[in-house]
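Here the structure comes first, spelled out in structure tokens, and everything after it is commentary.
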Number of protein chains: 2
Amino acid sequence: MHYAMNQKPSHVAGIKEIARALDISIGTVDRALHARAGVSHSTRDRVLKMAKKLNYRPNVAARNLKLNHRLKVGVFLPEQIALFYDRVREGIRAACATESGIGVDLVFHSFPRLGEGESNAIEKAGWQQFDGIIIAPGNSAELGPIFSKFEGQHKPVIFVTTDAARLPRLASITTDETASGGIAADLLGRVISSPAKVATITGDLRIQGHAEKLRGFAASLATLSPHLSLLPAIEAHESPADAYNAAVDLIKKHPDLGALYVSTANSLPVLLALEENGYLGKVLVITTDLFPELVPFIENGKVFASLYQRPFAQGKTAFEMLIRFLATRVAPKQITRLAPHIVLRSNLSLFINLVYNDDSSSLSI
Amino acid sequence: MHYAMNQKPSHVAGIKEIARALDISIGTVDRALHARAGVSHSTRDRVLKMAKKLNYRPNVAARNLKLNHRLKVGVFLPEQIALFYDRVREGIRAACATESGIGVDLVFHSFPRLGEGESNAIEKAGWQQFDGIIIAPGNSAELGPIFSKFEGQHKPVIFVTTDAARLPRLASITTDETASGGIAADLLGRVISSPAKVATITGDLRIQGHAEKLRGFAASLATLSPHLSLLPAIEAHESPADAYNAAVDLIKKHPDLGALYVSTANSLPVLLALEENGYLGKVLVITTDLFPELVPFIENGKVFASLYQRPFAQGKTAFEMLIRFLATRVAPKQITRLAPHIVLRSNLSLFINLVYNDDSSSLSI
DNA sequence: TTGAAAGCGCTACCAC
DNA sequence: GTGGTAGCGCTTTCAA
């Protein structure tokens with residue numbers, strides 16, 4: 001028994017065959033197909049109809065050869081946290097390497113940290129030169145005018161790793177932050193069955209993603225794990241010292257703390273504080289992202305889970321979208337939210353190798 | 001403060017410039033670069049050296065235009081389970097659509113179910129015609145000779161969704177089955193803190209993936225969750241009736257059953273059996289994959305988690321690898337194991353929309 | 001062993 | 001408004 005589903009049996013035609021069929025020149029056919037000036041309405045209609053009839057497919061290779069335009073893509077990402085953003089860069093590079101059609105020039109620019117010096121970097125880089133831009137936008141409103149102008153020129157901007165809904169952009173790729181928070185609350189509620197106090201340590205609630213995670217966490221906790229009571233959120237502003245002190249404070253104030261959700265990558269000082277005070281292993285901890293220092297904590301079960309934001313996949317997706325738009329001018333879905341990966345000690349090895357050893361081919365994370 | 005990391009400042013040369021630099025014809029340069037017959041050793045060396053010096057990059061568009069060879073890719077997947085394999089097909093189609101360089105003809109063929117009628121389908125489809133093949137290989141040894149011959153012609157075969165290490169193949173893409181099993185055991189052990197009995201229902205232990213999941217489950221249970229005792233594995237052979245009966249049997253024999261891991265997509269009859277006997281909600285259940293009927297069980301928490309095998313990502317990856325190989329003849333990593341997604345009620349929505357509503361652009365699952 | 005040249009399908013320019 | 005044609009970078013054939 002076998003079933004065939006051949007679906008491209010039909011001959012695909014080129015510009016020449018349309019011309020021959022209509023007994024006109026290929027120049028005219030080209031003008032008609034591309035809605036260029038200098039074609040009568042009637043011939044244009046005839047051409048378009050014939051194109052459909054003969055199943056016209058433009059030959060991308062020929063077009064690229066003729067136009068021979070290399071695309072210039074500017075990538076603007078923070079230096080910190082390097083392990084995270086380097087992985088985004090790797091995803092972009094990997095996607096670029098697979099690109100067989102158009103030639104793409106990648107230009108990487110960095111700025112110190114998220115929301116710090118980005119517009120400066122863009123200005124200095126001469127953003128006018130780029131056909132498209134990939135960027136992690138901070139909350140700085142300075143970016144608005146630049147991107148508005150960029151859009152005015154029909155040049156695409158794609159946001160990665162963090163979104164800024166108020167800024168004009170072609171598309172944004174992030175993990176689903178609301179879901180991240182929700183997963184954390186869901187898991188904690190499953191593992192802890194009796195009433196307990198839960199704390200959260202975040203970065204800065206003015207950053208869209210950080211706020212979303214917390215909203216997701218609170219909402220999920222209320223509906224799925226109502227036996228857990230949420231303490232007020234603590235903002236550590238990505239500062240290790242602040243995080244450490246906040247954690248020490250926390251366990252002093254709430255010695256009966258049951259669980260803790262650290263919603264940014266700034267979890268190491270928190271774990272240290274717990275360890276030094278004998279709370280590591282007693283408090284159920286869920287962290288965010290993955291880096292070498294976190295690995296042993298997951299391995300020995302002191303950190304129950306970490307929510308991995310898939311930097312490689314984000315970079316790869318962003319680049320693919322950008323190129324696709326540049327090639328076809330068809331707008332992609334504006335908002336893409338990747339599912340974060342839940343890293344446990346049982347699947348840790350799947351993610352950890354990739355942090356060091358990049359095979360560049362896969363979207364496995 | 002801004003940091004620039006321009007990395008492609010160097011001019012890339014074409015065949016012409018090499019010819020001009022060496023004062024020879026472009027024909028000779030081409031022959032030398034491609035190690036074709038009819039070039040003296042000395043000139044070949046000179047050409048290769050100059051190519052490196054001038055940073056030669058072949059123009060893919062021009063090459064494709066000239067050669068104008070459309071690639072023909074054969075895809076052989078089971079009909080059952082349609083929701084799963086259709087999603088693999090979508091991933092393949094999506095990747096094909098992004099392919100801007102070479103023209104690719106996709107030809108889809110189906111056979112009733114995994115391991116049933118595949119070699120027949122391949123024979124009937126005239127496998128000789130394909131430049132490459134993507135297939136879900138059953139355990140039938142009949143495939144061996146075909147693929148050996150295929151390899152002999154330097155034609156690539158890529159396995160998706162299930163591997164068969166004994167068969168010759170260019171690459172295989174599956175989820176990490178060992179990790180899947182491990183995750184299930186890990187999660188169950190975290191949620192159930194006191195000693196309990198755990199059962200597993202699988203398909204057929206002769207299928208590599210099914211056995212691997214079980215091995216992973218057992219290993220993880222022993223090391224991470226030693227308070228859980230594993231009952232002998234039950235094989236349901238993907239038959240709904242068998243699965244139903246086995247589940248009824250199971251709860252009769254072990255009324256104190258604590259947890260259950262269904263390691264194939266055949267979970268519905270099991271859930272039915274549990275429900276009818278008042279065990280749903282009492283036994284902690286982890287299932288595999290995702291389909292509409294399973295959704296309400298996850299939503300209301302009766303199924304704790306389901307391990308999603310990312311069919312879309314598998315299809316997309318397989319196609320990308322195949323094309324990359326066909327274009328460059330560089331062998332990809334032979335074994336790729338994607339991280340399965342852990343689907344909970346808190347992140348269910350991220351996966352569920354994609355089951356029905358395909359945006360074809362993303363590797364979000 | 002090498003050179004010369006045709007031509008892949010398309011775009012863009014010039015002539016009518 | 002339309003036709004004709006050069007040429008993008010490469011492969012390949014034919015001639016030398």
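Proteins get letters first, then strands, A, B, ... in listed order; numbering begins at 1 in each.
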Q) Heavy-atom distance under 4.5 Å between the side chains of B:L48 and B:R44, does that happen here? A) yes
Under 3.5 Å, side-chain donor or acceptor atoms of residues 125-137 of chain A against the rest of the protein: list the pairs with distances, not counting sequence neighbours.
unit_1	atom_1	unit_2	atom_2	d
A:Q128	OE1	A:Q153	NE2	3.3
A:Q129	OE1	A:K72	NZ	2.8
A:Q129	NE2	A:A125	O	2.6
A:Q129	NE2	A:G126	O	3.3
A:D131	OD2	A:K72	N	2.7

Q: Kindly write out the residues that satisfy side chain to side chain contact (heavy atoms under 4.5 Å, CB included) with B:S148, not counting sequence neighbours, or none if the list is empty.
A: B:P168
Q: Using chain A heavy atoms and a threshold of under 4.0 Å, write down where along DNA chain D the contacts begin and end, 5' to 3'.
A: D:dG1 to D:dG9
Q: Would you mind classifying the nucleic acid contact of B:K16 as base, sugar-phosphate or nothing, using non-hydrogen atoms under 4.0 angstrom?
A: sugar-phosphate
(Q) Just to verify, what does A:D163 make a salt bridge (charged side-chain N to carboxylate O under 4.0 Å, His left out) with, not counting sequence neighbours? (A) A:R169, A:R337
**Q.** By side chain to side chain donor-acceptor pair (under 3.5 Å) - contacts of B:R63 (at least two apart)
**A.** B:H34
Q. How far does the helix from C:dT1-D:dA16 to C:dC16-D:dG1 bend, going by the axes of its first and last five pairs, to the nearest 10°?
A. 50°
Q. What pairs with B:F319 under ring-ring contact (aromatic ring centres under 6.0 Å, His included), at least two apart in sequence or on another chain?
A. none
Q.
Per the salt bridge (charged side-chain N to carboxylate O under 4.0 Å, His left out) rule, what does the pair list look like for residues 22-31 of chain B, sequence neighbours excluded?
A. B:D30-B:R36
**Q.** Atom pair CD (B:E142) and CZ (B:F147), whose distance is rounded to the nearest 0.5 Å
**A.** 11.0 Å
Q) Which residues pass the side chain to side chain donor-acceptor pair (under 3.5 Å) test with B:K16, sequence neighbours left out? A) none
Q. Partners of B:A82 by side chain to side chain contact (heavy atoms under 4.5 Å, CB included), sequence neighbours excluded?
A. B:D86
Q: Between B:S42 and B:K66, name the one whose nearest nucleotide on DNA chain C is closer to the 5' end.
A: B:S42
Q.
Taking the side chain as everything from C-beta on, heavy atoms only, tell me whether A:P58 gets closer than 4.5 Å to A:Y56.
A. yes
Q. Going 5' to 3' along DNA chain C, which nucleotides are the first and last within contact of chain B (any atom under 4.0 Å from a heavy atom)?
A. C:dT1 to C:dG9
**Q.** Comparing B:A62 and B:T43 on DNA chain C - which has the more 5′ nearest nucleotide
**A.** B:T43
Q.
Rounded to the nearest 0.5 Å, what separates atom CD1 in B:I173 from atom CD in B:Q334?
A. 10.5 Å
Q) Which part of the nucleic acid does B:L65 contact within heavy-atom distance under 4.0 Å: base, sugar-phosphate only, or nothing? A) base
Q | Neighbours of DNA chain C within residues 26-39 of chain B, by heavy-atom distance under 4.0 Å | A | B:T28, B:R31, B:G38, B:V39
Q: Give the C-alpha distance, both sets of side-chain angles, the deciding distance and a yes or no for side chain to side chain contact (heavy atoms under 4.5 Å, CB included) between A:L22 and A:V29.
A: CA-CA 9 Å; A:L22 258 43; A:V29 173; 5.8 Å; no
